[in-house]
Amino acid sequence: MPELPEVETLCRQLHAKIAGETILAQKAYDQKLYEIGDVSKRIVRRVRRRGKTILLDLDNGQSLVIHLRMSGRLFWHASKTKLPHTRWRLNFTSGHADLVDPRRFATVKLEKTDYENAGREVLTRFDERAFLLGQSKRKICVKTLMMDPKAIAGIGNIYACEILYDAGISPWRSSSTITRAEWKKIFHVSRCILEKAIEKRGTSISDWRDLYGHPGENQYELQVYSREGHICARCGDVIQRVKQGGRSTYYCAGCQK
DNA sequence: AGAACCGCCTGCTTGC
DNA sequence: TGCAAGCAGGCGGTTC
């Protein structure tokens, strides 16, 4: 599923492709997306990311707000290609961007919004002080907190597991027991891991592909996610998979205390 | 107020 | 082999 690095990859590719271009038309193939509104003749000023949300800022102050949720993908086609599960299409002179989404969770809205995610973007302008004051003492597991978009934007299951492994912190720890120094480490490790994943153009663990259908390469960097039963490279213990709030958590009990 | 749970969906995996 | 149940999970909304 697309998380921050995957969405960032799409945004960069999309920006390079359509910034300054005029939208010819949009078409929905799924009833859930019939009521988006008229964007024809609008120029895309820029494409940017907030958390896992993609924003296409238009020349009239509105933005197309796209969230891929679980199974959404964006593909660029110059020809008439239409993949199965194509739910929505944005047409340009040079081709079209298709939203392909088997499970139909993805959303597209047309809004007038500045959508700044104030202080919750972990890679840019992250407000550590506000986080430590307002979020860090919540009585939920640290992994659950890291995945809460109201606390930190853009971190999903894969990267939450990888970050906590790298930081050597157990996903079962209550947020309220994490020290200030440990939070600092979590923020630092988060930036390192997410930036590397962006460089690798995302994690193609199941079916993630970029705008042009190419897989990323970050799956080769994973230390714990999807590695149940493998040996921990750091301490030799066995990587475990456990259930946490209905989702799979992968971790090493040997070195995540 | 804050934490836990539910519902949206459908393709893939698992078990009988 | 075939079919049904189970599973996956971001996140907004609802319930506890």
Chain A footprint on DNA chain B, 5' to 3' - any atom under 4.0 Å from a heavy atom: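 It runs B:dA3 to B:dG11.
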Euclidean distance, A:Trp172 CH2 relative to A:Tyr251 OH, rounded to 0.5 Å: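 One gets 7.0 Å once the value is rounded to the nearest 0.5 Å.
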Interatomic distance, A:Trp208 atom CH2 to A:Ile158 atom CD1 [nearest 0.5 angstrom]: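 A:Trp208 atom CH2 to A:Ile158 atom CD1 measures 11.0 Å (nearest 0.5 Å).
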Axial cation check for A:Tyr29 ring with A:Lys82, 6.0 Å and 45° limits: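 Verdict for A:Tyr29: a cation-pi partner in A:Lys82.
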Parallel, tilted or perpendicular: ring planes of A:Phe187 versus A:Trp183, cut at 30 and 60 degrees: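 It falls in the parallel class, under 30°.
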Whether A:Phe126 and A:Phe131 hold their rings parallel, tilted or perpendicular, with breakpoints at 30° and 60°: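 The rings of A:Phe126 and A:Phe131 sit tilted, inter-plane angle from 30° to 60°.
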Check: A:Ser248/A:Arg241 side-chain N/O donor and acceptor closer than 3.5 Å: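 Yes.
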Touch class at under 4.0 angstrom, heavy-atom based, for [X] against every strand present:
{"X": "A:Arg247", "result": "base"}
{"X": "A:Tyr225", "result": "sugar-phosphate"}
{"X": "A:Lys137", "result": "nothing"}

A:Ile18 vs A:Trp76, side-chain contact (heavy atoms from CB on, under 4.5 Å): CA-CA, chis, key distance, verdict: CA-CA 10 Å; A:Ile18 63 172; A:Trp76 181 265; 3.6 Å; yes
A:Leu211 backbone acceptor or donor facing A:Gln13 side chain under 3.5 Å: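 Yes; at least one donor-acceptor contact below 3.5 Å.
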In whole angstrom, give the distance that lies between atom [atom1] of [X] and atom [atom2] of [N].
{"X": "A:Ile205", "N": "C:dA8", "atom1": "CD1", "atom2": "P", "value": "14 Å"}
{"X": "A:Ile152", "N": "C:dC11", "atom1": "CD1", "atom2": "P", "value": "13 Å"}
{"X": "A:Met147", "N": "C:dC11", "atom1": "CE", "atom2": "C1'", "value": "10 Å"}
{"X": "A:Met1", "N": "C:dC7", "atom1": "CE", "atom2": "C1'", "value": "12 Å"}
{"X": "A:Glu3", "N": "C:dA8", "atom1": "CD", "atom2": "P", "value": "15 Å"}

Interface with DNA chain C, restricted to residues 68-76 of chain A and to heavy atoms under 4.0 Å: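 Contacts with DNA chain C under 4.0 Å: A:Arg69, A:Met70.
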First encountered from the 5' end of DNA chain B, between A:Lys139 and A:Arg87: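 The residue whose closest nucleotide sits nearer the 5' end is A:Lys139.
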Contact nearer the 5' end of DNA chain B, comparing A:Lys32 with A:Arg138: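 Closest to the 5' end, via its nearest nucleotide, is A:Arg138.
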A:Lys257 bridged to A:Glu182 by N-O distance under 4.0 Å: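 Here A:Lys257 does not pair with A:Glu182 in a salt bridge, since their nearest N and O are not under 4.0 Å apart.
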Under 4.0 angstrom between A:Arg104 side-chain N/O and C:dG10 OP1 or OP2: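 A:Arg104 to C:dG10 OP1/OP2: no side-chain N or O under 4.0 Å.
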A:His67 side chain near C:dC11 phosphate (N/O to OP1/OP2, under 4.0 Å):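 Affirmative; the distance criterion is met.
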